[in-house]
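To start, the structure under review is shown below, and the notes come after it.
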Amino acid sequence: MARALKLARRGFYTTDPNPRVGCVLVREGEVIGEGWHRLAGGPHAEIEALKAAGERARGAECYITLEPCCHYGRTPPCTEALIRAGVRRVVVAMIDPNPRVAGQGLAQLRSAGIEVTCGVLEEEARALNRGFCRRMQSGRPWVVAKLAASLDGRTALASGESRWITSEAARRDVQRMRARSSAILTGIGTVLADDPLLTVRMKEVSRQPLRVVVDSKLRLPLGAKMLSAPGQTLVATVSEDPSRRAALEAAGAEVLLLPRDAVGRVDLEALFEKLGQREINEVLVEAGPVLNGALASSGLVDEWWVYLAPCLLGDEARGLFHLPAFKTLADKVELQFLEVRRVGLDLKLCLTRRK
């Protein structure tokens, strides 16, 4: 199963919106076939492994990181292929959270006389597809907020200059985060200040995540760099200005009208629900203090990834979050560390909200 998980990771940047899945076929202690899901719409991991094994698959054991599908989608059911191939035993890491499967695949295999074991390295398999699992179970994507700051918690000088606080190694790490994400979310303040592309710049990755701009008043400039970059830009707004909307759509953006929150801005919970409906599994937030503050207050972020640079920017530089004044320490937003490690010259802090 560890080998199957390693194979599944080869599809890290390409399977979206499908899960990352690996498969290993073993007969008499020998690996006779391997496969992984390479691309959405392409053969599933089980089919690749069965093809590699050929007739030797009969009587073999099959190790899969996710329950085999049992329905017709863009590809036929993998359960039928395993039954036809005559495998003796199927070991899966976890049940597929997709309601169209959700244990039915394993039930089909058992009905065909195949021995089934479930729950081997389940935690590792679930982490590999956390966004897919979240979307299937709640309808919303997994949300990671990325921040880069100086040691005194500053993200930019008062003038807005911020390139570059962190090291080149940290920026490469962010590129890998972008590549695995289904969408990159930012606020209009960041776009007006930095005019970012928000693209993946890795030669081995061709898919571009959806760019999402939270822009309540439709202030996105028609000449913004992201509008001419590869991929798609979605503008989330509460503005019903028809002329401005038409101009942005003519410039290549898609405009999504959403409900207002309590202060008249874009309802972020409604936005994430819409992204889930678009089969967005993982959202990477790269935003400024206003949107980061709103997300921190809402509790919609699953993980915070903070790159902390060994430098000081001073009291007048911009901070990480705009948050309301807390009257007592009991009101503070409490986080807990998941991981701390060094990336180049910087520290990478991975945190989640304390429960």
Side-chain angles (χ1 to χ4, degrees), residues 16-17 40 131-132 134-147 178 181-200 207-302 321-324:
D16 211 71
F132 177 79
R134 167 61 58 78
R135 178 169 65 86
M136 287 297 162
Q137 292 166 341
S138 73
R140 296 208 304 259
W142 184 271
V143 180
V144 175
K146 185 275 295 182
L147 304 98
R178 288 183 179 182
S181 301
S182 314
I184 302 173
L185 178 71
T186 194
I188 185 60
T190 297
V191 177
L192 294 176
D194 299 336
D195 195 17
L197 286 169
L198 295 184
T199 54
V200 177
R207 180 189 64 85
Q208 289 293 337
L210 174 69
R211 295 180 292 273
V212 182
V213 182
V214 179
D215 182 8
S216 296
K217 299 179 181 178
L218 291 181
R219 294 187 292 155
L220 181 68
L222 300 180
K225 290 178 182 178
M226 65 173 61
L227 293 178
S228 58
Q232 183 182 8
T233 299
L234 174 70
V235 181
T237 188
V238 296
S239 173
E240 298 185 51
D241 185 336
S243 61
R244 188 62 186 163
R245 176 173 186 149
L248 284 170
E249 289 174 342
E254 179 185 353
V255 180
L256 176 65
L257 183 63
L258 289 166
R260 298 174 184 267
D261 65 9
V263 294
R265 298 179 298 195
V266 170
D267 185 318
L268 296 173
E269 188 167 355
L271 171 58
F272 287 134
E273 288 175 357
K274 288 291 185 182
L275 293 178
Q277 292 169 13
R278 290 170 176 248
E279 297 187 315
I280 298 296
N281 290 336
E282 298 184 28
V283 174
L284 175 63
V285 180
E286 296 192 43
V290 174
L291 183 53
N292 280 325
L295 287 166
S297 300
S298 68
L300 291 171
V301 175
D302 295 291
F321 302 96
H322 279 317
L323 290 167

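Under the side chain to side chain contact (heavy atoms under 4.5 Å, CB included) criterion, Arg134 pairs with Ser138, Trp142, Asp302, not counting sequence neighbours. Scanning for side chain to side chain contact (heavy atoms under 4.5 Å, CB included) contacts around Lys146 gives Val174, Met177, Leu284, Glu286, Tyr307, with sequence neighbours left out.
At least one donor-acceptor pair closer than 3.5 Å links the side chain of Thr237 to the backbone N or O of Asp215. At distances below 3.5 Å, not a single donor-acceptor pair connects side-chain atoms of Glu273 with backbone N or O atoms of Arg140. Side-chain atoms of Thr190 come within 3.5 Å of backbone N or O of Gly288 as a donor-acceptor pair. Between the side chain of Arg245 and the backbone N or O of Glu240, no donor-acceptor pair lies under 3.5 Å.
For the atom pair Lys274 NZ and Leu256 CG, the distance stands at 6.5 Å (nearest 0.5 Å). Rounding to the nearest 0.5 Å places NZ of Lys217 at 11.5 Å from CD1 of Ile188. Note that CG of Leu227 and CG of Leu248 are 7.0 Å apart. Values are rounded to the nearest 0.5 Å.
Taking all atoms of both residues into account, the shortest heavy-atom contact from Gly187 to Ala287 is N-CB, 4.2 Å. Closest of all the heavy-atom pairs between Leu198 and Met226 is CD1-CE, 3.9 Å.
A donor atom on one side chain and an acceptor atom on the other are not found under 3.5 Å apart for Asn281 and Ser182.
Contact of the Leu210 side chain with the Leu275 side chain is registered, since non-hydrogen atoms from C-beta on lie closer than 4.5 Å.
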